[in-house]
Amino acid sequence: MTEITSRRGLLFGAAAVSAGALLTGCTSNEPSDSKDESAGNDQPAADDKPGKKVTIGFAGPQADHGWLNAINDNAKERAEKYSDVTLEITEGSNDTAQQIGQIETLINKKVDVLVVLPADGKALTQVGLKAMRAGIPVVNLDRIFNTPQAYRCWIGGDNYGMGLNAGHYIGEKLKGKSGARVIELAGLDNLELTKQRTKGFDDALKNYPNIKKVARQAADFTVESGQAKMAQLLQAQSKFDALWNHDDDQGVGALRAIEQAGRDGFLMVGGAGALSAFQAIKQDDGVLKATVLYPPTMAASAIDLARALGQGKGIGGMAEFEIPASITLYSAVVDKTNVDQYMPTGFR
């Protein structure tokens, strides 16, 4: 596995030497002290130095899940690192009407930038549009609005890639096994993200003709549902070689069911990046061997982006003057070979 790239470094770090400057140093016939007049070298890029003061409004859903709690923590902790940032954070709500009201309050306060993780992207699109029309740029976090007009920048995880990487990891581990059998413990089936994760997983397995997915159950991202649905899978499947579980929180329940049934002899891959999963992977004395990230650190990156927008700056290391319109985070696989590297990012 390659070394993890700091998002702070990616967005605003010292990698500000442009490709053009690098190529000039390698190929130009001009004297080495000649001035590089490319626009990319003169762009203002956000960094850690205090600059224009920015008030960021943050609105997310209720933190009723380890990952959502980590989203809030990441946003708060990143904002606290900047002396020029004031964070106005709402009390999280899963009620769309209440969240709309909270965002409208932030609009009325005339915050400089909004960061919104909507409880329901479709339902909150109109309030995103309202903010943008009021001249307040919106960073749409993860659950996407229905139209790009409702946000200036979207940043989020890759649900399809999460399933794809889980499938390839399992596929490579079972590559030499004839008639390999795989099962899947999914999340809520009424969510598009669950459908995308399953599609990615299925598409990856198509590359391994020796593997067949023999069962799938949908849980609901809770410990209790993970335990109940995993118990049903174990009862129905007397033998299988690998399990992909979409979510590490429901994975806690799944592992309880596996332990209670006294089952082993297969590998389990989780999803999201919980600290408990990292610890089990490091201990390496059970079935859980890896997890595929859906990093809550995206909230910290959203604060970085909002600060850059509020200060009218771009991203270090990129030639463009403006921040991108869309940033999709990579779903890395964490196993015993790289778990120490990711341990500090694990959420509780």
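Residues take their numbers from the sequence shown, with the count starting at 1. Side-chain atoms are counted along with the backbone in the values below, which use heavy atoms only and exclude waters and symmetry mates.
- Expressed to the nearest 0.5 Å, how far CD1 of Ile323 lies from CD1 of Ile155 amounts to 9.0 Å.
- Connectivity analysis of hydrophobic side chains (ILVMFWY, heavy atoms under 4.5 Å, direct or indirect) links Ile107 to Ile100, Ile103, Leu106, Val111, Leu114, Val116, Leu124, Val127, Met132, Ile136, Val138, Ile144, Phe145, Tyr151, Trp154.
- In the model, Ser331 has no side-chain atom that pairs as donor or acceptor with a side-chain atom of Asn165 under 3.5 Å.
- Here the straight-line distance linking atom CD1 of Ile211 with atom NZ of Lys173 works out to 12.5 Å at 0.5 Å rounding.
- None of Lys213, Lys212, Lys195, Arg197 except one satisfies the salt bridge (charged side-chain N to carboxylate O under 4.0 Å, His left out) rule with Asp202; the exception is Lys213.
- Neither Ile71 nor Leu193 shares a network with the other; the hydrophobic side chains, linked directly or stepwise wherever heavy atoms of I, L, V, M, F, W or Y lie under 4.5 Å apart, form separate groups for each.
- Here the straight-line distance linking atom OG of Ser276 with atom CG of Asp248 works out to 6.0 Å at 0.5 Å rounding.
- Between Leu185 and Leu243 there is a side-chain heavy-atom pair separated by less than 4.5 Å.
- Note that OG1 of Thr90 and CD of Gln98 are 9.0 Å apart. Values are rounded to the nearest 0.5 Å.
- Linking ILVMFWY residues whenever their side-chain heavy atoms come closer than 4.5 Å, directly or via other members, places Ile56 and Ile315 in the same cluster.
- Residue Glu259 qualifies as open at atom CD: its count of foreign heavy atoms under 6.0 Å is 12 or below.
- Of all heavy-atom pairs spanning Met162 and His246, the tightest one is CE-O, 3.6 Å.
- A side-chain donor from one of Asn245 and Gln250 sits under 3.5 Å from a side-chain acceptor of the other.
- Side chains of Asp84 and Gln311: a donor-acceptor N/O pair is present below 3.5 angstrom, by distance only.
- Contact annotation: the side chain of Phe240 approaches that of Arg263 to within less than 4.5 Å [non-hydrogen atoms, C-beta and beyond].
- Val269 and Tyr160 sit in two unconnected hydrophobic clusters of ILVMFWY residues. Membership requires side-chain heavy atoms under 4.5 Å apart, directly or through other members.
- Between Arg152 and Glu322 there is a salt bridge, with a side-chain nitrogen of the basic residue lying less than 4.0 Å from a carboxylate oxygen of the acidic one.
- Pairs passing the ring-ring contact (aromatic ring centres under 6.0 Å, His included) check and including a residue from residues 188-207, sequence neighbours excluded, read Phe201-Trp244.
- Residues passing the side chain to side chain donor-acceptor pair (under 3.5 Å) test with Thr125: none are found, sequence neighbours excluded.
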Verdict with supporting geometry, Thr198 and Asp189, side chain to side chain contact (heavy atoms under 4.5 Å, CB included): CA-CA 10 Å; Thr198 290; Asp189 261 341; 5.6 Å; no
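- Not a single donor-acceptor pair under 3.5 Å links the side chain of Arg216 to the backbone N or O of Ala186.
- In summary, Asp304 and Arg78 engage in a salt bridge, as defined by a charged side-chain N under 4.0 Å from a carboxylate O.
- At a cut-off of 3.5 Å, with distance as the only test, no side-chain donor of Ser93 or Asp95 sits close to an acceptor on the other residue.
- Looking only at side-chain heavy atoms (C-beta outward), Thr96 and Gln99 stay at 4.5 Å or farther from each other.
- Within a 6.0 Å sphere centred on CD of Glu192, heavy atoms belonging to other residues, nucleotides or ligands number more than 12.
- Put simply, the side chain of His168 reaches to within 4.5 Å of the side chain of Asn207, judged on heavy atoms.
- Contact annotation: the side chain of Lys336 never approaches that of Lys282 to less than 4.5 Å [non-hydrogen atoms, C-beta and beyond].
- At a threshold of 4.5 Å between side-chain heavy atoms, the hydrophobic network of Ile, Leu, Val, Met, Phe, Trp and Tyr places Leu188 and Val292 in two separate groups.
- With rounding to the nearest 0.5 Å, the separation of OG1 in Thr194 from NZ in Lys199 is 15.0 Å.
- In this structure, Leu129 is not a member of the same hydrophobic cluster as Val115, with clusters built from ILVMFWY side-chain heavy atoms closer than 4.5 Å.
- Taking 4.0 Å as the cut-off between side-chain N and carboxylate O, Asp241 and Lys239 count as a salt-bridged pair.
- Residues Asp142 and Tyr294 have side chains that bring a donor and an acceptor to within less than 3.5 angstrom of each other.
- The distance from the CD atom of Gln341 to the OG1 atom of Thr337 is 9.0 Å, given to the nearest 0.5 Å.
- Counting heavy atoms from C-beta on, the side chains of Phe58 and Glu88 never come closer than 4.5 Å.
- Donor-acceptor pairing under 3.5 Å is recorded for the side chains of Gln237 and Arg181.
- When side chains are defined from C-beta on, Leu293 does not count as touching Val333, because their heavy atoms never get closer than 4.5 Å.
- Residues Asp64 and Gln62 have side chains that never bring a donor and an acceptor to within less than 3.5 angstrom of each other.
- Under 4.0 Å is where a charged nitrogen must lie from a carboxylate oxygen, and between Lys289 and Asp284 at least one such pair does.
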Arg348 vs Asp249, salt bridge (Lys or Arg N to Asp or Glu O under 4.0 Å): CA-CA, chis, key distance, verdict: CA-CA 9 Å; Arg348 297 180 183 274; Asp249 273 9; over 6 Å; no
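- Crowding of Gln232 atom CD: a count of heavy atoms from other residues, nucleotides or ligands under 6.0 Å exceeding 12.
- Side-chain contact check for Thr55 versus Leu87: every heavy-atom pair is 4.5 Å or farther apart.
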